[in-house]
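Notes follow the structure.
Bear in mind the structure is a predicted one, so any value in this text is a computation, not a measurement. In listed order, ligands and their atoms are each counted from 1.
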Amino acid sequence: MTLSLGPRRDAVGLKDGALLVDGKWRPASDGATWTHRHPATGEAIGTVPVANESDVDEAVRAARHAFDEGDWPRARAHIRVGVLLRYASLLREHAEELRGLQALDNGVPLMFSTNIYAGSVEIAADVFTHHAGWVDKVGGQTLPPYQGGDHLAMTFRDPIGVVAAILPWNAPFLLFAQKLGPALAAGCTVVLKPSEFASFAVLRMVELLSEAGLPDGVVNVVTGPGSPTGEALITHPLVDKISFTGSRAVGRHIVEASAGTLKRVSLELGGKSPTLVFPDAPDVGMAAMTTVGTVTMGLSGQACVAHTRALVHRDVYDQFLGAAETMAGAVTYGDPFELSTTASPLINTRQLDRVLGLIERGRAAGARLVCGGERAGGDLAEGNFVRPTIFADVDNDMEIAREEVFGPVLAVIPFTDENEAVRIANDTDYGLGAGLYTADAKRAFRLARRLRAGTVGINGFQVEPHLPFGGFKQSGLGREGGQSAFEAYTELKTVLMPLTDEMM
Ligand code: NAD
């Protein structure tokens, strides 16, 4: 029997996609469409328009008009707070529907989007609630005159303007919220581009914005792939800021392509995050299960935060590998709507080929394959499934330890002392996350400071809506979550007023 999800389309209520320009949904001006194929089965699930340069131009002009002439950027605090809080409630009410749409989009199983907070609609709702709180709380400063005299000088935070928000396909609930939450709270207007591999849940999330009372034109949507849609957006002269989550290659390209108009750019890119496991870890088995869990369960390693390099002290190396293999064996693939399915397929055949190629080259380079390393067969043969894969005895110079695989592949690297572990951990182009497992509090804090990563988890790791999240080095620019994320959608303005007799 071959897995088939086609009938779910009607059961879940999926409609074909459309562009949103100034409150009106419509097809692409030239009628072009993108057909979305389900990653678990290869079936065509639905279509979205491919916005061309002129569609993108209209969407950006609508956002520009809403910013320059509309009420939203200047709305009283209670209006913006009200919309954001109503929206958070609507997301919670529609959680089941959104989870189903996402399962049709990117194959992320309901087990994950229901039970794991970071993958849930609830975290997206919480992000909007969190950012609603900044609307009336982020102010400026009043500054004393530097050169004496009677001067009044103060700073304000103005909304940054028109934001191009570009999403990847892997975690649309959270990433949609991490961009639109602070952007709307700050008073910006937005042109949103979902990934061509995960548009449907995002389009429904956008529909709910107008139910929450967001005025037309404040959020506009262009669907379609990087070229032509994304390209037209990142080079548009009327866009003030680009907020991008995706691959390092596209992130670099965005910096270059947007340089002509010096746009503000926030980038959340990839990772090759290390986990350091010491012999005094409170529970080595739990450390192994958590690490393997981030690399295999749910998104099957297609998560920027996955801890894909396990640096394990030689004294507990075999114990770690045993527990890691057991955890990898617990992964179940299948119909994403079945709660027994614990992990998703790879998003497309290009990614499938890439992951299999990296595994093959890892083997050829001399890494020891502990488990996995091949596609799943039987009912799953039509889908993009790769068995959870663990490589032991990896050298940190191997490609498998340096490249972001974005698949269910863990590289395990032995170490003998703390300094060696830190050196290996920091020997990477990336710096998104890191984990460490030890019962020694002094070592934990010492290493948390030495590891060059945006987020360090000590004896565990989680994503929270109010914590800054982002990368050192080539993992990105800026942070999402928390006050710094809100401020990233503002410009700091200084207002000066020398006090003269004539004015008093
Ligand atoms: P991707 O870079 O291929 O695509 C991301 C988005 O950019 C998509 O919407 C795509 O259509 C668009 N795009 C592609 N080319 C473009 C162009 N030339 N101009 C404008 N837009 C363009 O990434 P992906 O495969 O969707 O996602 C996987 C990557 O995302 C991984 O590297 C992962 O680590 C990263 N990621 C990072 C975070 C984080 O918070 N740091 C979170 C999730 C995913």
Side-chain angles (χ1 to χ4, degrees), residues 34 36 39 48 50-51 53 56 105-106 108 118-119 123 127 164-179 191-199 202 221-236 239 242-258 263 265-273 294-295 298-308 344 346-352 354-355 384 403-407 429-433 453-455 463 465 467-481 485:
W34 164 273
H36 178 60
V48 292
V50 174
E53 207 178 318
V56 171
D105 267 341
N106 59 9
V108 168
I123 194 171
V127 170
I166 303 179
L167 300 181
W169 55 267
N170 64 336
F173 300 152
L174 175 62
L175 302 175
F176 173 96
Q178 279 185 325
K179 298 197 181 326
V191 179
L192 174 70
K193 194 193 95 57
S195 166
E196 62 274 33
F197 297 106
S199 300
V202 169
V221 183
V222 292
T223 51
S227 178
T229 312
E231 278 295 322
L233 193 53
I234 61 174
T235 50
H236 199 292
V239 167
I242 301 172
S243 177
F244 170 79
T245 300
S247 61
R248 179 172 62 166
V250 176
R252 279 183 186 140
H253 172 69
I254 285 176
V255 171
E256 285 166 12
S258 64
K263 298 187 193 316
V265 176
S266 298
L267 302 175
E268 290 292 339
L269 308 177
K272 193 72 193 177
S273 301
T294 72
V295 181
L299 304 178
S300 287
Q302 300 168 104
C304 56
V305 290
H307 286 174
T308 51
S344 61
L346 300 180
I347 191 66
N348 52 37
T349 50
R350 195 185 68 168
Q351 184 59 11
L352 175 69
R354 186 174 171 275
V355 171
N384 308 324
E403 282 295 311
E404 183 185 46
V405 177
F406 230 54
D429 292 341
Y430 292 107
L432 192 59
T455 303
V463 179
L467 300 181
F469 179 82
F472 281 31
K473 302 194 262 181
Q474 295 182 33
S475 285
L477 291 176
R479 296 290 178 271
E480 294 195 316

Starting from atom 35 (C) of ligand 1, which protein heavy atom do you reach first, and at what distance in Å? G246 O, 3.1 Å

N/O separation below 3.5 Å, G271 to ligand 1: no

Is a side-chain N or O of S300 found less than 3.5 angstrom from the main chain of Q302, in a donor-acceptor match? no

Polar-atom distance check: S247 versus ligand 1, any N or O pair below 3.5 Å? yes

Note: ligand 1 atoms sitting under 4.0 Å from heavy atoms of S195 are 9 (O)

Can you tell which part of L167 has a heavy atom less than 4.0 Å from ligand 1: side chain, backbone, both or neither? backbone

State, with a plain yes or no, whether a side-chain heavy atom of L432 is found less than 4.5 Å away from one of F469. yes

Within-shell test, L233 vs ligand 1, heavy atom, strictly < 4.0 Å: no

Return the closest protein heavy atom for atom 13 (N) of ligand 1 as residue, atom name and distance. G226 CA, 3.6 Å

Using every non-hydrogen atom in the two residues, find where A306 and G301 come nearest and quote the distance to one decimal. CB-O, 4.4 Å

Do the side chain of K263 and the main chain of V239 share a donor and acceptor less than 3.5 angstrom apart? yes

Would you check the N or O atoms of T245, main chain and side chain alike, for any that come under 3.5 Å of an N or O of ligand 1? no

State, yes or no, whether a side-chain contact exists between V50 and P228 at a heavy-atom distance under 4.5 Å. yes

Would E480 and K179 count as a salt bridge (charged side-chain N to carboxylate O under 4.0 Å, His left out) if you check the C-alpha gap in whole Å, the side-chain angles of each, and the deciding distance to 0.1 Å? CA-CA 8 Å; E480 294 195 316; K179 298 197 181 326; 2.7 Å; yes

Before accepting this row, confirm whether a basic side-chain N of the pair D429/R248 lies closer than 4.0 Å to the acidic partner's carboxylate O. yes

Within the structure provided, determine whether H36 and V48 are in side-chain contact (heavy-atom separation under 4.5 Å). no

Interfacing atoms of ligand 1 (cut-off 4.0 Å, heavy-atom, L175): 42 (C), 43 (C)

N/O to N/O below 3.5 Å, does that happen between K193 and ligand 1? yes

Nearest-contact summary for atom 28 (C) of ligand 1 - protein heavy atom, Å: F406 CE2, 3.3 Å

Among L175, L267, I234, find the one that has a side-chain contact (heavy atoms from CB on, under 4.5 Å) with I166. I234

Among protein heavy atoms, which sits nearest to atom 26 (O) of ligand 1, and what does the distance come to when rounded to 0.1 Å? W169 CD1, 3.0 Å

Please work out whether any backbone atom (N, CA, C, O) or any side-chain heavy atom from C-beta onward of H253 is under 4.0 Å from ligand 1, and answer side chain, backbone, both or neither. side chain

From CA spacing to verdict: side-chain contact (heavy atoms from CB on, under 4.5 Å), N106, N170: CA-CA 7 Å; N106 59 9; N170 64 336; 5.6 Å; no

With a heavy-atom distance limit of 4.0 Å, tell me whether L432 approaches ligand 1 through its side chain, its backbone, both, or neither. side chain

heavy-atom search around atom 21 (N) of ligand 1 in the protein gives G230 CA, 3.6 Å

Per-atom filter on ligand 1: closer than 4.0 angstrom to a heavy atom of F469 are 40 (O)

Taking 4.0 Å as the limit for heavy-atom contacts, which would you say applies to E404 with ligand 1: side chain only, backbone only, both, or neither? side chain

Counting heavy atoms only, which part of E196 comes closer than 4.0 Å to ligand 1: side chain, backbone, both or neither? side chain

Close side-chain approach of K473 to Y430, heavy-atom, < 4.5 Å: no

N or O contact, N170 vs ligand 1, cut-off under 3.5 Å: no

Nitrogen or oxygen atoms of F244 and ligand 1 under 3.5 Å apart: no

For the residue pair N384 and I347, establish whether any side-chain heavy-atom pair is separated by less than 4.5 Å. no

Taking atom types as modelled and ignoring hydrogens, do the side chains of H253 and E231 form a donor-acceptor contact shorter than 3.5 angstrom? yes

Look at atom 27 (O) of ligand 1 and say which protein heavy atom is nearest, naming residue and atom and giving the distance to 0.1 Å. P168 CB, 3.4 Å

Atoms of ligand 1 close to I234 [distance to a heavy atom under 4.0 angstrom, numbered from 1]: 19 (N), 20 (C)

Is there side-chain contact between F406 and V355, with at least one heavy-atom pair below 4.5 Å? no

A student comparing I347, I242, I166, L267 should find that the heavy atom closest to atom 12 (C) of ligand 1 comes from I166

Tell me whether F197 reaches ligand 1 (any heavy atom closer than 4.0 angstrom to a ligand atom). no

Side-chain heavy-atom pair E53, H236 within 4.5 angstrom cut-off: no

L269 and F244: CA distance, side-chain angles, deciding distance, side-chain contact (heavy atoms from CB on, under 4.5 Å) verdict: CA-CA 8 Å; L269 308 177; F244 170 79; 3.6 Å; yes

I'd like to know whether ligand 1 has P194 as a neighbour, heavy-atom separation below 4.0 Å. yes

Measure the distance from atom 42 (C) of ligand 1 to every protein heavy atom, then report the residue, atom name and distance (to 0.1 Å) of the closest one. C304 SG, 3.0 Å

Does an N or O from R248, backbone or side chain, lie closer than 3.5 Å to an N or O of ligand 1? no

Can you report which non-hydrogen protein atom sits closest to atom 18 (N) of ligand 1, along with the distance? E231 OE2, 2.7 Å

Evaluate the side-chain proximity of W34 to T223: yes if any heavy-atom separation is below 4.5 Å, no if none is. no

Under 4.0 Å and counting heavy atoms only, is there anything from the protein next to atom 23 (O) of ligand 1? yes

